[in-house]
Each structure stands twice: as C-alpha cells, then as structure tokens.
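The residues of the chain are indexed from 1 along the displayed sequence.
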Amino acid sequence: MNKSPLPVLTLKNIWLSYKSGDGQLDVLRGIDFTLNQGELVALVAPSGTGKSTLLHVAGMLESPQKGEVFLSGKNATQLNDYERTQMRLHYVGFVYQFHHLLVEFTAQENVMLPQLTAHVSKKQAAQNAKNWLEKFSLGQRLDHLPGKLSGGEQQRVAIARALANHPHVLLADEPTGNLDQKTSDHVFDLLLQIVRQEGLAALIATHNIELAKKMDRVITIEEGKVVPYNF
Ligand code: ADP
Ligand code: MG
C-alpha cells in the first residue's frame with residue numbers, strides 16, 4: 001500500500017518581484033515548498049520578508065513571474081480567469097489579518113456567500129453556515145452584523161467562511177495578529193482544533209512563536225527562499 005503523504009499544495013521554484021522606483025524588489029527568489037494532506041505548517045518570518053506575497057501566490061490571488069503552483073496535484077499556473085476562480089473557490093480557504101467580512105451582511109450570510117457562489121442552494125448554505133458558526137461557538141450570533149461582533153468573534157466568522165466550501169488547504173495570514181493575547185490564543189486553538197478535526201492542511205503565517213510551536217512544522221523565508229525555522 002502506498003503510504004506516502006499526498007501533497008495538497010506544491011510551490012515549485014516561485015519567483016516574484018515588485019517594481020520599486022527605478023529598480024525591482026525581488027521578494028520570492030526560488031520558493032520550493034510542499035504542504036501535505038492534514039499537515040499544519042507555521043510560517044514565521046520578520047515583516048517585509050514576503051509572507052503575505054507567498055500566501056497570495058499559494059492562494060492564486062497573485063501570479064508569480066516564474067514557477068508553478070499545484071493544488072491537489074493540479075497545475076494552477078496555466079488556468080484562465082474562470083478556472084482560476086473555480087479552483088480558488090473549491091480548493092483554498094483564505095483568512096486575512098483583518099477579517100474582511102462584508103459589513104452589510106450578517107455573520108450567517110457572510111458564511112453563506114462563498115457557498116452560493118459555488119452554487120450550493122440557499123437553504124443548504126444557510127444550514128451549513130449555521131453548523132460552521134456553531135462549531136466556532138457563534139450559534140447565538142448568526143444574525144449579527146460584523147460591526148456588532150468583537151474582534152475575536154469577527155475572526156471566527158472569517159475562519160468559518162474560509163472553511164465553508166471544504167477547501168483542501170487553509171491559508172491564513174497572521175489570522176490572530178490583530179487580537180489581544182488571550183483572544184488570540186483562544187481563536188488560534190479553536191482554529192487548530194477544527195482544522196485537525198476536518199483533516200485539513202493549513203499554512204499559517206504568525207509572529208507568535210508559542211502558537212507556531214503547536215503546529216507540525218515551522219518554516220521561515222530567508223533570502224527569498226523557504227527554509228526550516230531555527231528555534
Ligand atoms: P510580509 O507579509 O512578510 O510582511 P509582504 O509579502 O507583504 O511581506 O511584502 C514583501 C515585500 O514586498 C515588502 O518589502 C513589501 O513592501 C513589498 N511589497 C508587497 N506588496 C507590494 C506591492 N504590491 N508592490 C510593491 N511592493 C510590494
Ligand atoms: Mg504580511
């Protein structure tokens with residue numbers, strides 16, 4: 001029996017530069033990285049080293065100048081806009097540092113929206129959203145607008161939204177970076193618990209070493225490349 005782990009995300013020799021004045025800023029300089037099914041990896045690196053850029057490339061929110069992105073074995077680099085949107089919708093859940101919830105929609109509606117885009121029926125999407133929010137202890141907050149929720153609650157809704165379409169990989173960019181220590185620990189623990197329950201793979205950028213240690217592996221970015229983090 002083949003017991004080798006299944007890669008859900010593979011980055012192959014990714015290069016990305018930004019224009020900077022007259023020159024260019026080489027942010028990603030040959031990123032090679034594989035995330036396996038069910039694996040939780042923390043990305044810990046100083047500000048400005050390219051964490052967000054790497055996550056955006058992995059989530060197909062940004063295209064590299066060179067290199068390839070594979071999601072569950074499918075090459076995501078050669079797709080047209082429609083295919084890219086579909087793949088992002090079904091394969092990737094993205095959580096930002098700031099919740100990016102739609103402020104005129106309730107918590108439940110926010111978790112319904114990506115499902116409706118994926119053509120789940122309204123009734124089913126509402127039920128799924130309720131289930132997700134209950135897992136995140138937000139069963140009493142379904143009808144609340146984001147503005148009426150605390151920072152920790154907003155972020156829990158944002159994570160529920162990212163998981164709503166059962167993605168293969170969760171990408172999170174400093175998901176608790178905007179919260180106080182106690183709330184951050186709580187939200188992070190809940191996130192890890194649910195990601196483990198669902199058997200999901202996750203790549204999470206964080207500045208918090210203690211939180212990073214709870215994950216299976218910790219990586220950093222050095223000179224534009226992914227290397228193991230040295231504690
Ligand atoms: P991190 O998330 O680790 O703080 P980023 O990926 O956001 O780092 O940014 C890496 C570098 O690229 C930084 O120097 C940043 O200023 C620069 N950068 C990020 N996005 C852009 C952009 N759209 N245009 C130009 N430079 C950018
Ligand atoms: Mg960043």
Side-chain angles (χ1 to χ4, degrees), residues 1-18 25-45 49-97 114 118 159 162-175 191-192 194-206 211-230:
M1 210 169 100
N2 181 9
K3 288 207 173 164
S4 58
L6 281 175
V8 288
L9 167 69
T10 307
L11 303 177
K12 271 194 186 157
N13 196 24
I14 300 284
W15 290 72
L16 189 148
S17 308
Y18 292 116
L25 181 64
D26 301 322
V27 181
L28 308 181
R29 288 178 267 165
I31 295 277
D32 285 307
F33 173 69
T34 299
L35 181 69
N36 290 317
Q37 203 168 45
E39 192 183 25
L40 304 190
V41 174
L43 171 57
V44 179
T49 48
K51 300 183 297 298
S52 296
T53 306
L54 188 154
L55 287 167
H56 291 161
V57 168
M60 295 188 293
L61 299 165
E62 218 166 330
S63 297
Q65 276 105 19
K66 193 179 149 192
E68 289 174 310
V69 179
F70 294 85
L71 285 162
S72 295
K74 291 189 188 169
N75 192 334
T77 334
Q78 312 289 342
L79 305 176
N80 63 34
D81 282 350
Y82 174 78
E83 294 167 330
R84 186 186 307 274
T85 304
Q86 289 304 310
M87 205 158 168
R88 199 185 297 135
L89 199 56
H90 293 282
Y91 285 65
V92 182
F94 208 102
V95 181
Y96 300 86
Q97 178 171 0
I159 298 166
L163 299 180
N165 283 334
H166 295 280
H168 299 192
V169 48
L170 179 74
L171 301 170
D173 194 357
E174 304 189 41
L191 170 66
L192 292 193
I194 290 170
V195 163
R196 294 241 189 247
Q197 259 171 27
E198 301 288 318
L200 265 172
L203 176 60
I204 304 181
T206 176
L211 297 184
K213 281 181 181 164
K214 297 182 180 181
M215 309 199 37
D216 301 326
R217 185 154 64 98
V218 185
I219 57 168
T220 188
I221 300 175
E222 264 176 30
E223 298 179 357
K225 291 188 170 61
V226 164
V227 295
Y229 183 88
N230 249 329

- Item | Expected output: side-chain R84 to main-chain L79 donor-acceptor under 3.5 Å | yes

- Considering non-hydrogen atoms only, spot the tightest contact between A212 and V44 and give its length. CB-CG2, 3.7 Å

- Item | From I221 atom CD1 to L28 atom CG, the distance as rounded to the nearest 0.5 Å | 6.5 Å

- I219 vs L203, side chain to side chain contact (heavy atoms under 4.5 Å, CB included): CA-CA, chis, key distance, verdict: CA-CA 10 Å; I219 57 168; L203 176 60; 4.1 Å; yes

- Going from CG on L71 to CE on M87, what distance comes out if it is rounded to the nearest 0.5 angstrom? 4.5 Å

- Task: Give, for atom CG of N13 and atom CZ of R29, the distance between the pair rounded to the nearest 0.5 Å.
- Result: 13.0 Å

- Message: In the structure I gave you, are the side-chain heavy atoms of I31 and V57 within less than 4.5 Å of one another anywhere?
- Response: no

- Non-hydrogen atoms of S17 and Q65 that approach each other most closely: N-OE1, 2.6 Å

- Query: Quick one: does V8's side chain get under 4.5 Å of L6's, heavy atoms only?
  - Reply: no

- Does OH in Y18 sit with more than 12 non-hydrogen atoms of other residues, nucleotides or ligands closer than 6.0 Å? yes

- For the residue pair D26 and W15, establish whether any side-chain heavy-atom pair is separated by less than 4.5 Å. no

- Message: So for atom CG, which belongs to N80, do other residues, nucleotides or ligands contribute more than 12 heavy atoms lying within a distance under 6.0 Å?
- Response: yes

- Item | Side-chain heavy-atom pair L171, F94 within 4.5 angstrom cut-off | yes

- Query: What closest approach, in Å, do L89 and P114 show between heavy atoms, and which atom pair accounts for it?
  - Reply: CD1-O, 3.8 Å

- Considering residues, nucleotides and ligands other than K214, do more than 12 of their heavy atoms fall under 6.0 Å from its NZ? yes

- Query: Under the side chain to side chain contact (heavy atoms under 4.5 Å, CB included) test, which residues partner A172, sequence neighbours left out?
  - Reply: V95, P175, I204

- Item | Separation of R196 CZ from L191 CG (nearest 0.5 Å) | 10.5 Å

- Task: Might you confirm whether atom CD of Q197 has over 12 heavy atoms from other residues, nucleotides or ligands at distances under 6.0 Å?
- Result: yes

- Message: Test side chain to side chain contact (heavy atoms under 4.5 Å, CB included) on F70 and T34; report intermediate values, then the result.
- Response: CA-CA 9 Å; F70 294 85; T34 299; over 6 Å; no

- Message: Quick check for you: to the nearest 0.5 Å, what is the distance between Q97 atom CD and T206 atom OG1?
- Response: 9.5 Å

- Item | side chain to side chain contact (heavy atoms under 4.5 Å, CB included) assessment of L11 paired with L54 | CA-CA 9 Å; L11 303 177; L54 188 154; 4.0 Å; yes

- Item | Under the ring-ring contact (aromatic ring centres under 6.0 Å, His included) test, residues paired with Y91 that sit two or more places apart | H168

- Message: I'd like to know if the side chain of K51 and the backbone of A45 have a donor-acceptor N/O pair within less than 3.5 Å.
- Response: yes

- Item | Whether D216 side chain and L40 backbone form a donor-acceptor pair below 3.5 Å | yes

- Item | Nearest non-hydrogen partners of G50 and V27, listed with the distance | CA-CG1, 3.5 Å

- Message: Set out, in order, the CA-CA distance, both residues' side-chain angles and the distance that settles side chain to side chain contact (heavy atoms under 4.5 Å, CB included) for L61 and R88, then state yes or no.
- Response: CA-CA 9 Å; L61 299 165; R88 199 185 297 135; 3.7 Å; yes

- Where do A76 and M60 come nearest, in terms of heavy atoms and distance? CB-SD, 3.2 Å

- Compare every heavy atom of A58 with every heavy atom of V69, then report the nearest pair and how far apart it is. CG1-O, 4.1 Å

- Message: To the nearest 0.5 Å, what is the distance between CG on D173 and NE2 on H56?
- Response: 5.5 Å

- Message: Taking the side chain as everything from C-beta on, heavy atoms only, tell me whether V218 gets closer than 4.5 Å to T220.
- Response: no

